Amino acid sequence: MPEVLEVEAARAVLSGYALDREITRVHAPDGWFLKRGTTAAALRHALIGNQFTQARRIGKQIVLDTSDPGVRVGVHLGMSGRVLVDGEEAGDPLLHASNRRVTKWHRFGVYFADGGSFMLRDPRRLGAVELDPDESRLGPDVLSLTPGQLDRALGSRSAPVKAVLMDQARIAGLGNLLTDEALWRASIDPARIAATIDADERRRLHRAIRTTVRVLGRRGGSHTGDMPRDVDMACPRDGGALQRRRIAGRTTYSCSVHQI
DNA sequence: GATGACCTGTGA
DNA sequence: TCACAGGTCATC
């Protein structure tokens, strides 16, 4: 499950139920799913006999610390990943991904000495697991984004504001749906060049991002926004036509009237 | 920075 | 059969 809200829900489940339990077995049947040189053997060596001690998150990247100070595990959910602990899954079902319980979609996981388990289920295999992930390549987390951080992220870049907001090295956590919703709430056209967003609009955008993650987080996920992702619907704010474009490589919805 | 690639499932 | 999907990466 992709955007920061779903990843945070997964992190919370790991934090609540997967810590301080001795790991006895590692399930890593898919070598392709392991990234940056990580192997199943290395994971077994690093994890068996240890415990997860903390479940952290930077943007969409989950980092599991372990009882071995030198061992961290990076977990990414990709487009369709979900976390299951003791067979239970967190958060709302994914809209555009299968939520069937299919064991062969378990791309990674561990079994605990008490008989329970943590599994990462990912039908599309676009998620990833790696040892000792590089956390420095991610920008400030969107859930605690300050006005100054947003201002520095936008800078004087000549890219569309949507592309900048989704660049994980600049701000970590915003994905396609949250970005569209925040820009809709801020009345800013996603195609606007970042450098042209003035100070007033930056303040508005910062507020909109904060409101978007708070409200949609409370509602239960990235797809609970107020802007319909449907060109046959009218903008709920002003009745204007919603348009669908491709910006920053992603399907983008916006209101043709009030997003300028 | 836009594009295609990665991979697999779903629904029209 | 096709288009589409909440992400990321390499490559012009």
Side-chain angles (χ1 to χ4, degrees), chain A residues 1-11 29-37 57-62 74-83 89-108 120-130 133-135 137-139 142 153-184 190-196 212-213 216-217 219-225 227-232 244-253:
Chain A
M1 22 184 151
E3 299 188 51
V4 69
L5 302 176
E6 290 76 20
V7 178
E8 170 56 23
R11 185 210 63 78
D30 186 354
W32 187 86
F33 201 76
L34 311 177
K35 299 293 153 67
R36 296 166 139 260
R57 181 192 57 72
I58 308 163
K60 305 170 196 169
Q61 177 73 55
I62 292 174
V75 174
H76 202 289
L77 303 179
M79 290 278 270
S80 61
R82 302 203 70 187
V83 160
E89 47 199 293
D92 60 318
L94 291 176
L95 232 50
H96 297 289
S98 175
N99 294 285
R100 288 155 51 211
R101 310 176 87 92
V102 176
T103 308
K104 72 170 182 191
W105 293 339
H106 292 180
R107 311 297 180 187
F108 171 77
L120 171 53
R121 182 181 66 210
D122 182 5
R124 282 180 70 182
R125 289 174 77 210
L126 289 173
V129 168
E130 62 181 307
D134 176 12
E135 303 178 27
R137 60 205 179 100
L138 293 168
V142 67
L154 294 175
S156 52
R157 307 226 329 159
S158 58
V161 59
K162 170 159 179 172
V164 177
L165 294 177
M166 294 203 357
D167 181 347
Q168 301 300 297
R170 305 210 153 246
I171 298 170
L174 287 178
N176 199 31
L177 301 190
L178 291 178
T179 302
D180 279 5
E181 176 79 10
L183 288 165
W184 178 80
R192 279 273 300 281
I193 300 306
T196 72
T212 297
V213 295
L216 275 58
R219 291 177 186 169
S222 307
H223 58 84
T224 62
M227 183 192 63
R229 303 182 70 76
D230 184 345
V231 287
D232 291 329
R244 172 188 159 120
R245 287 171 290 176
R246 196 154 203 86
I247 299 173
R250 310 302 301 277
T251 302
T252 302
Y253 290 88

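Below, chain A is the first sequence line, B the second, and so on; all start at residue 1. Please read these numbers as outputs of a predicted model, since none were measured by experiment.
In this structure, the CH2 atom of A/Trp32 is 14 Å from the P atom of C/dT8, given to the nearest Å. When the P atom of C/dT8 is taken as reference, atom CD1 of A/Ile58 falls 13 Å away, rounded to whole Å. When the C1' atom of C/dG7 is taken as reference, atom CG of A/Asp122 falls 10 Å away, rounded to whole Å. We find that CZ of A/Arg124 is positioned 10 Å from P of C/dA5, with the value rounded to whole Å.
For A/Ala248, the side-chain contact (heavy atoms from CB on, under 4.5 Å) partners are A/Ala163, not counting sequence neighbours. A/Lys162 meets the side chain to side chain donor-acceptor pair (under 3.5 Å) test with A/Asn176, A/Asp180, A/Thr252; sequence neighbours excluded. Partners of A/Gln61 according to the side chain to side chain donor-acceptor pair (under 3.5 Å) rule, which considers only residues two or more places apart in sequence or in another chain, do not exist here. Residues passing the side-chain contact (heavy atoms from CB on, under 4.5 Å) test with A/Pro29 are A/His27, sequence neighbours excluded. A/Arg124 meets the side chain to side chain donor-acceptor pair (under 3.5 Å) test with no other residue; sequence neighbours excluded. Legend: residues meeting side chain to side chain donor-acceptor pair (under 3.5 Å) with A/Arg250, ordered by chain and number and at least two apart, are absent. Qualifying side-chain contact (heavy atoms from CB on, under 4.5 Å) partners for A/Arg101, counting only residues two or more places apart in sequence or in other chains: A/Leu84, A/Glu89, A/Arg121.
Under a 3.5 Å cut-off, the side chain of A/Lys60 and the backbone N or O of A/Leu5 do not form any donor-acceptor pair. A donor-acceptor pair is defined here as one N or O able to donate and one able to accept, closer than 3.5 Å; such a pair exists between the side chain of A/Arg137 and the backbone of A/Asp134. Judged purely by atom type and a 3.5 angstrom limit, A/Glu3 uses its side chain to pair as donor or acceptor with the backbone of A/Leu177.
A/Arg100 comes within 4.0 angstrom of the backbone, heavy atoms only, and of no base.
From the 5' end on, the contacts that DNA chain B makes with chain A at under 4.0 Å to a non-hydrogen atom open and close at B/dG1 to B/dT10.
Remark on DNA chain B: of its neighbouring residues A/Leu126 and A/Ala159, the 5'-side contact belongs to A/Ala159, judged by nearest-heavy-atom nucleotide.
Contacts of residues 164-172 of chain A with DNA chain C (heavy atom under 4.0 Å): A/Gln168.
When the side-chain nitrogen and oxygen atoms of A/His76 are compared with OP1 and OP2 of C/dG7, none of them lie within a distance under 4.0 Å.
Inter-residue side-chain proximity for A/Arg57 and A/Val4 is flagged as met; some heavy-atom pair is nearer than 4.5 Å.
Stem analysis of DNA chain B (Watson-Crick or G-U pairs, both distances under 3.5 Å, runs of at least three) returns B:1-6 with C:7-12, B:8-12 with C:1-5.
Atom CD1 in A/Ile62 sits 8.5 Å away from atom CG in A/Leu120 (nearest 0.5 Å). Taking CZ from A/Arg244 and CG from A/Asp230, the interatomic distance works out to 9.5 Å, rounded to the nearest 0.5 Å.
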Kindly give the atom pairs (protein nitrogen or oxygen, nucleotide nitrogen or oxygen) under 3.5 Å for nucleotides 1-4 of chain C.
{"unit_1": "C/dC4", "atom_1": "OP1", "unit_2": "A/Arg244", "atom_2": "NH2", "d": "3.2"}

Atom pairs, protein N/O to nucleotides 9-12 of chain C N/O, distance under 3.5 Å:
{"unit_1": "C/dC9", "atom_1": "OP1", "unit_2": "A/Arg137", "atom_2": "NH1", "d": "3.0"}

